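Please read the structure below before turning to the comments.
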Amino acid sequence: VSTEAVSIEHLLREASPRVLAAVVRRYGSFETCEDAVQEALLAASAQWPRDGVPANPEGWLINVASRRWIEQWRRDSARNRREVAAAALDATAPETVSDIDDTLILLLLCCHPALTPPSQVALTLRAVGGLTTAEIARAFLVPEATVAQRISRAKQRIKASAAEFELPPPDALPERLDSGLHVLYLIFNEGYTASEGPQLHRVDLTAEAIRLTRQLHAALPDNGEVAGLLALMLLTEARRPARPDAQGNQVPLAEQDRTLWDKSLIDQGVELITGALSSAPLGPYQLQAAIAAVHADAPSAEATDWPQILGLYNLLQQASPGAMVDLGRAVAMAMVMGPRAGLCELAVAERDPALARHYRLNAVRAHLLELAGEPEAARTEYLTAAERTTSIPEQRYLASRAARLGVPKPHEH
Amino acid sequence: MKYLILIHHNQQATELWASMSAEERAEGILAHTELHRDLVDSGEMVASEALADPSQARRVLVSAGQTTVTDGPFAELKEHLAGFYLVDCESIDRAIEHATRIPEAAFGLVEVRPVMSPNGMEM
């Protein structure tokens, strides 16, 4: 792929929400405008590398999308003239209000509560992120038809709910924003957990999530949770170069070569989270980012400030209780007060039915038993965890930990 | 998450199927057609196929660069795989909900298996 093709791709993704907003303002219907813009983006990605990028790329895209919309409108209106809104061809509607507002409005529309999370994710990536259906399908390892159906269903639901292309009222905004942040988090997580092999030819979802979250942060600079989520993404992404070993296996945090961590991403993340913590009300994304920042700050695994991490987990448990938070807290407890304390904490957490049969419980217990000097019991737990996980790289990792403990030690006399 | 819904068949089910009236059989086929359509509509369908009779199977053995192909399944099977739905849905409970609509579930011949993912967290 040439650098020119990459820069065209970037240009199209950046322009996508602005073009869509302009076309929706002109013609009113999000559903049909989104299709028209998608066609314009596809046309551009075919023509621009061949004919060169036009002088005004966004104007070009808006024109082509408008033409496609009108062609479709003529076909539809020929079939059923009565359904056509008289105002549909009013090209004098106000132009772009501001780029920042448009991105925010689009994101909140795509994260409409009537949609399921997979539909919200697919629609956000297409309408806000400017990705094609094929790219989204490859990223999530499902057929293109499946993603196309999720998108078209999502748009029908938005149409049925009569949602307008505007900011939700102030009282509904926080809830909608929560769901928008969750969607961005899901997109990031999908990219971050992807292993190296099959990721070839897949869109870089972590980069995409970070790009969209940066835009959201630009729209809402004072929102602590938006800043917290962005910081969490940057601090997590910073560790990416240290995660696979030479064979492509996952390297756990404690064993990563910290010189490989991306210093500039860490600096950005730390600055963001420091600013948010000192000025905004505390929230779960900020707390998770703060935990990631403490890890990032430690020159070695041994030098990690575990008491501070435990304190942050205590706050997180109050702000956003959940099984995974309990597990993280048990590890922190073990690191501060010894593995026995962590194991006691796990025994309590295990009462949660969501956790009782979860492989992560076994994986954490295995780790703590290993620290406590009980290799036999640890090995059994690693094997149970390996049996229960549905992740190939995690299974490989857990099985290798078990194998390491399975080698019988020579007798000491 | 992807789940594979496996539909097994056995002698009893095959005989029952053969003894059914045309209407009863049409009902069974309709249940599959409707499930297929609903999975496509909801954006959860990845793939779905029915398999030919196990007597049509070929066993493949590659040894020292030599390929040997023999007829038939691995053993005299009490149960054999007759078809599958590969779905992508929110949870195993949702996959089970789909599985309950398969007529073969009345004989306990339907199984839901989580599919391994190439994604994984750093521990």
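It should be emphasised that the depicted structure is a prediction, and the values quoted were computed from it without experimental measurement. Proteins come first, then strands; the chains are lettered A, B, ... in the order of their sequence lines, and each starts at number 1.
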Would the number of heavy atoms belonging to other residues, nucleotides or ligands and lying under 6.0 Å from [atom1] of [X] be above 12?
X: Arg37(B); atom1: CZ; answer: yes
X: Glu27(B); atom1: CD; answer: no
X: Phe84(B); atom1: CZ; answer: yes
X: Arg113(B); atom1: CZ; answer: no

- Query: How far apart are the closest heavy atoms of Thr146(A) and Gly43(B), and which atoms are they?
  - Reply: CG2-O, 3.0 Å
- Message: Under 4.5 Å from any heavy atom of chain A, what part of Met121(B) do you find: side chain, backbone, both or neither?
- Response: both
- Within-4.5 Å side-chain heavy-atom neighbours: Ser117(B) and Ile392(A): no
- Note on the structure: Output for pair (Asn119(B) CG, Glu190(A) CD), nearest 0.5 Å, gives 5.0 Å
- Atom pair OG1 (Thr390(A)) and NZ (Lys2(B)), whose distance is rounded to the nearest 0.5 Å: 12.0 Å
- Which atoms of Val364(A) approach chain B - backbone, side chain, both or neither, heavy atom under 4.5 Å: neither
- Message: Out of Glu255(A), Arg396(A), His367(A), Gln256(A), return the one with the most heavy atom pairs under 4.5 angstrom to chain B.
- Response: Gln256(A)
- Could you go step by step and tell me if Asp88(B) and Arg150(A) meet the salt bridge (charged side-chain N to carboxylate O under 4.0 Å, His left out) rule? CA-CA 11 Å; Asp88(B) 185 53; Arg150(A) 283 178 194 171; 2.7 Å; yes
- Message: Donor-acceptor check, side chain of Glu394(A) to backbone of Gly120(B), threshold 3.5 angstrom: yes or no?
- Response: no
